[in-house]
Amino acid sequence: MLIFIALLTLAGLVISLPGAVASTDIQKSPNDGGLPPKSVPSVDGLKFNISGTTSYFAGTNAYWAAFTDKDNDIEVVMQHLNSSGLKVLRVWGFNDVSAESNGVWFQSFVPGQPPKINGGLNGLSRLDYVVFRAEFYGIKLIINFVNNWKDYGGMPLYNSYYGTSEKTWYTDSKVQAQYQTYVKAVVNRLRNSSAIFAWELANEPRCKGCPTSVITTWATKTAAFIKSLDPLHMITLGDEGFMNGGGDKSYPYTTAEGIDFEANLKIPDISFGTFHMYPTSWGVTGKDWGSNWFSNHGAICAAVGKPCIAEEYGANSNKAATIAPWQATSMSTKGIAGDMYWQYGDTLRSGQKTPDDGYTIYYGSSDYNALVTSHVAAINKSLKLA
């Protein structure tokens with residue numbers, strides 16, 4: 001989802017090691033004891049096994065979770081997710097900046113200086129704390145490594161620093177070397193954590209006008225690289241699920257953005273598929289368009305033999321009436337193993353509300369009761385009847 005929210009700030013420090021391309025402190029992950037395989041979420045047929053149970057799950061997105069400097073705020077969020085029965089949370093594992101500051105940042109691209117990875121108190125330590133509390137409350141995390149959009153730096157900041165473009169980001173050797181350096185820094189910190197659900201290559205990768213082979217080749221190489229660092233945890237692409245034909249032939253069913261959902265799903269080291277859905281933003285209409293989008297993805301996932309997750313979906317008006325049918329379709333569609341609405345909102349212990357981009361569903365609101373509490377209850381009821 002394209003978002004425009006200012007960074008939260010905190011005083012902190014940067015710990016760096018010498019290096020021509022990147023620097024980072026070397027820290028152990030929140031759980032250093034090593035993981036028995038049974039504690040790691042995994043694919044089980046067309047669903048996922050989470051904490052020993054194979055079932056459909058409900059989850060959400062809170063991109064901002066690692067950007068707050070207040071530990072108590074994270075505590076509130078994790079408590080509420082746990083009590084709500086939401087199993088998986090997706091957070092941004094990137095926060096790229098062009099100028100270092102006392103605010104939260106994870107990686108800097110300062111002109112004239114080597115890129116730097118911030119492992120200090122205002123850096124990846126904030127992500128560490130999110131993982132630490134997720135472990136305690138039994139919440140599993142999808143953590144991604146770069147944004148397609150300019151929010152929090154993303155690919156546009158890499159391009160500005162290296163003089164590359166949307167089309168060359170995926171193939172430029174210097175860009176990919178630094179991207180993999182960052183991926184390695186994050187994975188090595190956290191790979192022993194029981195809270196990791198999956199590593200995600202990017203948020204909504206696109207390459208407008210490119211052959212789909214550009215992203216498919218990049219994803220194949222990157223997924224294999226991550227698997228070499230962490231053979232236990234799942235890996236996913238993080239794309240919007242644009243298709244190579246089918247459906248009503250509208251824009252999301254084309255390869256205009258360089259994405260072929262089915263081809264990417266077939267990559268050996270990609271564990272499961274993701275798809276997003278914002279009909280209004282995409283300019284598509286029709287009462288059943290959203291439910292058909294869910295069904296069509298489920299059919300591909302079932303045919304390929306890998307589960308998929310409706311990883312982002314939302315509405316900025318009439319939320320309950322619009323979203324509830326999508327959730328019902330998702331639950332009943334073979335091949336879809338879970339759904340994660342965009343996005344989670346809360347009133348933090350500091351009294352501050354989390355960002356509202358118009359799609360936010362706040363904990364305790366009437367929309368939350370209709371679309372989260374009732375949805376989780378329906379999932380639990382279906383488990384009892386199974």
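Numbers here simply count residues along the sequence, with the first being 1.
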Exercise. What is the ring orientation for H80 with Y363, classed by angle as parallel under 30°, tilted 30 to 60°, or perpendicular over 60°?
Worked result: parallel

Problem set entry | Plane angle bin for Y179 and W218 - parallel if under 30°, tilted between 30 and 60°, otherwise perpendicular | tilted

Exercise. Are W282 and F242 near enough that their ring centres are under 6.0 Å apart?
Worked result: yes

Problem set entry | Non-neighbouring partners of S55 that pass side chain to side chain donor-acceptor pair (under 3.5 Å), sequence neighbours left out | none

Exercise. Does the pair D128/R189 count as a salt bridge with the N-to-O cut at 4.0 Å?
Worked result: yes

Exercise. Any sub-3.5 Å donor-acceptor pair from T60's side-chain atoms to M340's backbone N or O?
Worked result: no

Expected list for residues 297-309: side-chain donor-acceptor pairs under 3.5 angstrom, two or more places apart:
from, atom 1, to, atom 2, distance (Å)
H297, ND1, W293, O, 2.7
H297, NE2, G241, O, 2.7
K306, NZ, L265, O, 2.8
K306, NZ, I267, O, 2.8
K306, NZ, I270, O, 2.6

Exercise. How would you list all residue pairs meeting side-chain hydrogen bond (donor to acceptor under 3.5 Å, both in side chains) that involve residues 317-326, not counting sequence neighbours?
Worked result: none

Problem set entry | Aromatic contact, Y359 with Y278 (centres under 6.0 Å) | yes

For this session: Decide whether Y313 and Q327 meet the rule of one side-chain donor and one side-chain acceptor closer than 3.5 Å.
Result: yes

Problem set entry | Donor-acceptor pair between Q107 and Y158 side chains, under 3.5 angstrom | yes

Problem set entry | Donor + acceptor pair across side chains of S108, E100 (<3.5 Å) | yes

For this session: Indicate the ring-plane relationship of Y162 and F109, choosing parallel, tilted or perpendicular according to the 30° and 60° boundaries.
Result: perpendicular

Problem set entry | Counterpart residues, side chain to side chain contact (heavy atoms under 4.5 Å, CB included), relative to D73 (two or more places apart) | T68, K70, L348, R349, S350

Exercise. Any chance the side chains of D367 and S365 put a donor and an acceptor closer than 3.5 Å?
Worked result: no

Problem set entry | Residues R90 and N61: side-chain donor-acceptor under 3.5 angstrom | yes

Exercise. Donor-acceptor pair, T254 side chain versus Y251 backbone, under 3.5 Å?
Worked result: yes

For this session: Just jot down the ring-ring contact (aromatic ring centres under 6.0 Å, His included) partners of F94, sequence neighbours excluded, or say none.
Result: W92

Exercise. Under 4.5 Å between side-chain heavy atoms, hopping through other hydrophobics if needed: is there a path connecting M234 to L201?
Worked result: no

Problem set entry | side chain to side chain contact (heavy atoms under 4.5 Å, CB included) partners for Q180, two or more places apart | F225

Exercise. Between N118 and W105, is there a donor-acceptor pair closer than 3.5 Å when you use the side chain of the first and the backbone of the second?
Worked result: yes

